[in-house]
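Computed from a predicted model, the values in this text were never measured in an experiment. In each ligand, atom 1 is the first atom listed, and ligand 1 is the first ligand listed. Heads up: numbering here begins at 1 and tracks the sequence.
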Amino acid sequence: MRPPIRTRIAPSPTGFLHLGTARTALYSWAYARHFGGEFVLRIEDTDVARSTQDSVDQILASMRWLGLDYDEGPVYQMHRLARYGAVVDQLIAAGKAYRCYCSPQDLEAMKAAQEARGEKRRYDGTWRPAAGKVLPPVPQGVEPVIRFCNPPDGDVTWDDLVKGPITINNREIDDLIIMRADGVPTYNFAVVVDDWDMTISHVFRGDEHINNTPWQINIFNALGAPLPRFGHLPIILGDDGQKLSKRRGAVSVTAYEESGFLPEAMLNYLARLGWSHGDDELFSREQLINWFDGGHLSRSPAQWDPAKLAWVNAHYIKAAEPARLAQLVLPQLARLGITAEADTALAQRCALLKDRCATLVELADWLRMYYQPVQPSEADRALHLTETIKPAIAALAARLAECEWAAPAINQAIKATVAEYQIKMPQLAIPLRVLVCGRAQTPSVDAVLASFNRRSVLDRLQTS
Ligand code: GLU
């Protein structure tokens with residue numbers, strides 16, 4: 001027995017998993033999980049020319065990365081052609097769909113005539129059967145498309161889960177093609193047959209589909225199929241207020257994975273983008289599932305905010321187990337040409353540095369000081385590495401060569417040197433950071449030095 005709540009995500013494999021689709025998937029998933037229902041993944045691959053296996057793989061990988069597990073699927077529409085064909089036959093037999101033999105030229109002429117009359121472009125019903133109507137002679141050698149007999153008038157109304165009641169008059173829409181001449185169904189038809197067969201109870205999708213919904217409702221009705229509830233989510237705008245697009249920055253989940261974001265941060269950020277639970281900005285997967293009941297979805301477009309995403313990610317990096325960070329940072333290190341192992345030493349280094357990083361890319365950038373020579377800037381050298389401080393550094397190096405190699409002992413060595421030279425702590429600590437780490441600001445200097453091996457520190461402290 002299928003549970004009453006079943007949701008789905010139905011991406012077309014013509015590119016990466018877009019952030020907007022990922023957010024829709026997330027809401028559909030959370031809705032199903034909240035109500036103890038099921039979540040289905042369907043691959044809408046009927047655009048054969050543009051669909052690729054590579055894109056399917058990317059979509060599956062992104063779903064996995066985000067932890068959006070599905071109970072059924074992936075179901076591929078191209079595996080279901082026989083089923084769509086059978087439903088088309090059923091509609092034709094019931095007089096609810098018909099064969100249309102119009103050629104592209106006929107349709108062009110129709111369009112031109114309508115434009116000349118100042119009318120809206122629509123199919124004029126040439127091949128639509130009607131009582132007493134004589135259809136044109138069937139042309140030789142032309143494979144027909146199948147059109148749906150859309151009701152000529154009357155309103156289609158639904159209570160949208162996000163936008164509230166929506167009404168569109170049937171005069172606004174025409175007899176759409178539901179199956180192409182090659183037997184491949186069009187989106188609006190395949191989606192209905194699938195949502196029906198898969199007993200989908202709630203359809204969340206982007207609001208660019210609002211104009212498709214009346215057609216789909218009419219087809220559901222023609223099939224005598226129960227209607228799902230529809231919820232149309234507003235688009236996500238870029239930080240410039242324009243539609244989020246590739247030209248304006250990353251739009252794929254994969255790109256964020258590659259840029260060093262954690263999946264739990266992405267999940268949190270995406271969920272909050274267009275949905276709220278009071279003032280909560282940071283929440284776990286479990287909290288999202290507990291809270292997400294389809295309410296509090298925003299009706300207006302959300303704006304992508306890179307600074308906020310970075311803040312959310314920094315929070316999760318801070319909260320992450322160092323051993324996990326060590327594992328996750330390896331590919332970022334590899335990009336810098338560094339082959340490392342996720343061992344205890346790397347985990348300890350991650351623990352030391354993670355509070356300063358908004359992304360794994362930043363973490364890798366910090367970690368490179370352990371693997372590659374550092375190059376302090378000329379400005380830092382000039383400012384902090386004065387001639388007066390060099391003897392103190394040499395004295396400290398002598399102490400560091402002898403002391404126990406652990407933060408407390410290193411701290412003692414630094415304090416003794418500061419006292420000996422009657423200088424202030426930062427006058428020694430900052431040049432130490434510049435020489436060893438290549439930057440003037442780091443976590444506590446004794447802990448940082450202890451995180452290197454003694455030999456590298458002594459080498460880097462040789463200033464003359
Ligand atoms: N394949 C459609 C898309 O990616 C699915 C729309 C829907 O969810 O019905 O936009």
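Residues that satisfy the ring pair (Phe, Tyr, Trp, His ring centres under 6.0 Å) test with His315, not counting sequence neighbours, are absent from this structure. Scanning for ring pair (Phe, Tyr, Trp, His ring centres under 6.0 Å) contacts around Tyr371 gives an empty result, with sequence neighbours left out.
Each of Tyr31, Tyr27, Phe230 was compared with Phe204 under the ring-ring contact (aromatic ring centres under 6.0 Å, His included) criterion, and only Tyr31 meets it.
Comparing His232, Gln77, Glu44 by heavy-atom distance to atom 2 (C) of ligand 1, the nearest is Glu44. In this comparison of His18, Arg205, His209, the heavy atom closest to atom 10 (O) of ligand 1 sits on His209.
For ligand 1 and Val191, the ligand atoms under 4.0 Å from any heavy atom of the residue are 9 (O). Listed by number with element, the atoms of ligand 1 under 4.0 angstrom from any heavy atom of Arg8 are 7 (C), 8 (O), 9 (O).
The protein atom (non-hydrogen) at minimum distance from atom 9 (O) of ligand 1 is Tyr187 OH, 2.7 Å.
When only interatomic distances are considered, the shortest N/O to N/O separation between Glu208 and ligand 1 does not fall below 3.5 Å. Considering backbone and side-chain atoms alike, Ala10 places an N or O below 3.5 Å from some N or O of ligand 1.
Side-chain contact between Cys437 and Phe452 is present, with heavy atoms from C-beta onward closer than 4.5 Å.
Heavy-atom neighbours of His296 NE2 from other residues, nucleotides or ligands within 6.0 Å: at or below the threshold of 12.
With respect to Arg33 and Asp71, a salt bridge is recorded, a charged nitrogen being found less than 4.0 Å from a carboxylate O.
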